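Each remark here refers to the structure printed beneath this line.
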Amino acid sequence: MTPKQAKAFRRKLLAWYRKHRRDLPWRAMNGRPVNPYHVLLSEAMLQQTQVATVVPYFHRFVEAFPTVQTLAEADEQQVLTLWQGLGYYRRARNLHAAAKAVIADHGGHVPAAVNDLLKLPGVGRYTAGAIASIAHGTKAAVVDGNVERVFARLMLIEKPINTPATKKMVWSIAEELVPKSSPGDYNQALMELGATICTPKPPKCFVCPVREHCRAVQETNPERLPIKLAKKKPKEVTHLVIAANRNGKYLFEQRPSEGLWSNMWQLPTWEEPPPEVITSIQNSESSRRVTTRGVSNDTVKVSRPPRGNAAAASAVLIEWFQSRFGLRLEQPTPTTDFTHQTTHRTIRFVALTASVKSGRLRLKTGVWRKLNQFEDLPMSNPQRQTMQHIRVQADSP
DNA sequence: AAGCCGGGGGG
DNA sequence: CCCCCAGGCTT
């Protein structure tokens, strides 16, 4: 793109944006000024997450934590609880730590320089550029999934987009094109174009404000760009969830601070138990659900005699629970069974209910809660789904 | 360079 | 069922 073409491209893009941009709560709109804290908050939430999903979470966060200071002083459990359901829970802890750093190292002001922003936890090259340009008008480029797609089509980039070399090229294009005046609007325009017009499939080229600048729409089918290398299929695993109740209260444990659902709470869960335990739990199922066809959606319970190895599997489960928690279970009974999909795992959740016969809990992070009394514990969606099932079952025995 | 980290929207 | 999303971090 020649300098003259670049100028025309930016002008058309910005004109389109100023006419069509969405009224998002963290944006400066009709008189409302930008709030750098709001930009930091929104960018943390927007990582790998669509705008529509983020909006309600953003409102709840601003209400609970109106300023960086209030967020910095908040309890991590409270931050995680507000974040629950949004996914990538590390982001919530990074955001919390970033708020603390803004208070400690920047006098409570979100930095305007990319190099300062990059030092904040959870802030990478994209997020630093976004906050710098949108919140402070710093001349900085951004490259996200939208920008990659837009430039892959505009510049006819046919090499796989998800390699370091190609990403580096897209970044240099972005750096070269970003204007020194209104870089924030320009960056948001680029992303909004990708989100609403230059969509993966099918792109709405017929209403695109910059189609004259697009090589793909003139030389090929834009829909096949950008080209991505195939990713591997998800691994299939099973998580065995045990709802262990004693005197009407259920045991909850906190997950480790690293890995999947870090620091979130859950019913005691055996990840990837021996296969024979899973199969025998299935066989031992004392009831199965049969959906009737026709008018009613009622489920009918059908009693079945337990199979031979059920008792043995039960023993293995009870032994595992005993060794892990120091508690003796009684009559583990299958309760619910469903599949949960994440990006790189297909997790089958098998839940059992059991009562605690004896023993003394030997777990630092364990807590006992009633069925309607765990809302302050941040939990993953599948764990909450399991809890929901147990509550419904308890309400209608 | 590749793997890991969630959950939902939309075709 | 699939792909994708205002990515960052670790190995």
Side-chain angles (χ1 to χ4, degrees), chain A residues 21-22 24 26-27 39-58 80 83-95 97-98 117-135 140-150 160-168 170-171 174 184 186-196 198-203 223-224 226-235 255-264 339-347 378-385:
Chain A
R21 67 174 177 171
R22 294 169 284 182
L24 303 177
W26 50 85
R27 295 232 263 235
V39 177
L40 169 66
L41 194 53
S42 66
E43 290 300 341
M45 293 179 166
L46 286 164
Q47 289 167 6
Q48 290 293 281
T49 311
Q50 295 188 342
V51 167
T53 306
V54 163
V55 169
Y57 283 88
F58 177 83
L80 274 176
W83 198 278
Q84 70 178 336
L86 196 53
Y88 286 141
Y89 298 95
R90 183 69 71 86
R91 291 183 297 170
R93 293 161 56 205
N94 285 337
L95 170 67
L117 287 160
L118 283 173
K119 296 191 183 86
L120 299 176
V123 177
R125 197 173 175 185
Y126 162 77
T127 306
I131 297 174
S133 63
I134 297 170
V142 298
V143 174
D144 70 336
N146 292 304
V147 176
E148 284 180 352
R149 185 171 55 253
V150 169
I161 202 75
N162 49 347
T163 67
T166 313
K167 284 179 179 296
K168 191 176 173 186
V170 173
W171 266 103
Y186 165 82
N187 284 335
Q188 292 182 86
L190 212 45
M191 294 188 281
E192 190 122 330
L193 184 76
T196 62
C198 197
T199 48
K201 64 178 109 167
E223 187 169 317
R224 67 181 189 84
I227 290 164
K228 293 198 175 183
L229 266 40
K231 44 203 145 234
K232 49 183 292 191
K233 57 159 51 167
K235 183 184 175 190
R255 296 181 60 85
S257 59
E258 302 299 323
L260 190 64
W261 297 307
S262 56
N263 277 12
M264 304 287 278
T339 299
H340 179 79
Q341 190 69 46
T342 77
T343 303
H344 61 289
R345 249 177 263 203
T346 301
I347 308 175
M379 294 173 69
S380 69
N381 273 11
Q383 287 285 340
R384 283 195 294 162
Q385 187 175 332

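The basis for the numbers below is simple: all heavy atoms, side chains too, and nothing from hydrogens, waters or symmetry mates. Proteins get letters first, then strands, A, B, ... in listed order; numbering begins at 1 in each. Quantities reported herein were computed from a predicted structural model and do not represent experimental measurements.
Side-chain atoms of A:Arg93 and A:Ser257, non-hydrogen and from C-beta on, do get closer than 4.5 Å to each other. Counting heavy atoms from C-beta on, the side chains of A:Arg125 and A:Trp171 come closer than 4.5 Å. Looking at A:Asn381 and A:Gln385, their side chains never come closer than 4.5 Å, going by heavy atoms from C-beta outward. A:Trp83 places a side-chain heavy atom less than 4.5 Å from the side chain of A:Met45.
Of the two residues contacting DNA chain B, namely A:Pro164 and A:Ser262, the nearest-nucleotide position lying further toward the 5' end is that of A:Pro164. Of the two residues contacting DNA chain B, namely A:Lys232 and A:Trp261, the nearest-nucleotide position lying further toward the 5' end is that of A:Lys232.
Residues satisfying the side chain to side chain contact (heavy atoms under 4.5 Å, CB included) test with A:Asp144, not counting sequence neighbours, are A:Tyr126, A:Asn146, A:Val147, A:Met191. Listed by chain and residue number, nothing satisfies the side-chain hydrogen bond (donor to acceptor under 3.5 Å, both in side chains) test with A:Tyr57 (two or more places apart in sequence, or in another chain). In this structure A:Lys168 satisfies the salt bridge (Lys or Arg N to Asp or Glu O under 4.0 Å) test with no other residue, sequence neighbours excluded.
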Can you check nucleotides 9-11 of chain B for protein contacts, nitrogen or oxygen pairs under 3.5 Å, and list what you find?
unit_1 : atom_1 : unit_2  : atom_2 : d
B:dG9  : O4'    : A:Gln50 : OE1    : 3.2

Using a cut-off of under 3.5 Å, enumerate the N/O to N/O pairs linking the protein to nucleotides 9-11 of chain C.
unit_1 : atom_1 : unit_2   : atom_2 : d
C:dC9  : OP1    : A:Gly122 : N      : 2.8

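A close approach under 4.0 Å does occur between a side-chain nitrogen or oxygen of A:His340 and OP1 or OP2 of B:dG7. Within the 4.0 Å cut-off from OP1 or OP2 of B:dA2, not a single side-chain nitrogen or oxygen of A:Lys167 is found. Under 4.0 angstrom from either OP1 or OP2 of B:dC5 there lies at least one side-chain N or O belonging to A:His344. OP1 and OP2 of B:dA2 both lie 4.0 Å or more from every side-chain N or O belonging to A:Asn162. A sub-4.0 Å separation between OP1 or OP2 of B:dC4 and a side-chain N or O of A:Lys235 is absent. OP1 or OP2 of C:dG8 sits under 4.0 Å from a side-chain N or O of A:Thr127. Note on A:Trp83: every side-chain N or O is 4.0 Å or more away from OP1 and OP2 of B:dG6.
The separation of B:dG8 from C:dC9, taken at their C1' atoms, amounts to 23 Å, rounded to a whole angstrom. Between C:dA6 and B:dC4, the two P atoms lie 24 Å apart (nearest whole Å).
Pairing analysis of DNA chain B (Watson-Crick: purine N1 to pyrimidine N3 plus N6-O4 or O6-N4; G-U wobble: N1-O2 and O6-N3; both under 3.5 Å) yields stems of 3 or more pairs at B:1-5 with C:7-11, B:7-11 with C:1-5.
Listed nucleotides: B:dC4, B:dG6, C:dC5. Nearest to the side chain of A:Lys228: C:dC5. Nearest to the side chain of A:Trp26, among C:dA6, B:dC5, C:dC5, sits C:dA6. Closest to the side chain of A:Pro200, out of B:dG6, C:dC4, C:dA6, is C:dC4.
When rounded to the nearest whole Å, the span between CE of A:Met191 and C1' of C:dC5 equals 13 Å. A straight line from CD of A:Glu223 to P of C:dC2 spans 18 Å, rounded to a whole angstrom. With rounding to whole Å, A:Gln47 atom CD is found 13 Å from B:dG6 atom P. As a whole-Å value, the separation of A:Leu95 CG from C:dG8 C1' is 14 Å. Here the C1' atom of nucleotide B:dA1 and the NZ atom of A:Lys231 are 16 Å apart, to the nearest Å. Protein atom OH of A:Tyr88 is 10 Å distant from nucleotide atom P of C:dG7, rounded to whole Å. The distance from atom CD of A:Gln84 to atom C1' of B:dG6 is 13 Å, rounded to the nearest whole Å. Atom P of nucleotide C:dC3 and atom NZ of A:Lys233 are separated by 11 Å, given to the nearest angstrom.
With 3.5 Å as the limit, one finds a donor-acceptor pair spanning the side chains of A:Gln188 and A:Arg27. Side chains of A:Ser380 and A:Arg255: no donor on one and acceptor on the other come within 3.5 Å.
Of the possible donor and acceptor atoms, one in the side chain of A:Asn187 sits under 3.5 Å from a partner among the backbone N and O of A:Ala140. When atom types are taken as modelled, the side chain of A:Ser42 and the backbone of A:Val39 share a donor-acceptor pair closer than 3.5 angstrom.
A:Thr342 contributes no side-chain N or O that forms a donor-acceptor pair with the base of B:dG7 under 3.5 Å. Taking 3.5 Å as the limit, the base of B:dG6 and the side chain of A:Ser380 contain no donor-acceptor pair of atoms between them.
Residue-level contact check: A:Pro234 touches neither bases nor backbone, having no heavy atom under 4.0 Å from any strand. Contacts of A:Arg27 with the nucleic acid, taken as non-hydrogen atoms under 4.0 Å apart, include base atoms. Nucleic acid contact for A:Gly259: sugar-phosphate only, since backbone atoms but no base atoms lie under 4.0 Å from a heavy atom of the residue.
Smallest separation of non-hydrogen atoms from A:Asn162 and A:Lys167: CA-CE, 4.0 Å.
Ion pair A:Arg21/A:Glu192 not flagged as a salt bridge, since none of the NZ, NE, NH1 or NH2 atoms sits closer than 4.0 Å to an Asp/Glu carboxylate oxygen.
Aromatic ring orientation, A:Phe58 versus A:Trp26: perpendicular (interplanar angle above 60°, classes split at 30° and 60°).
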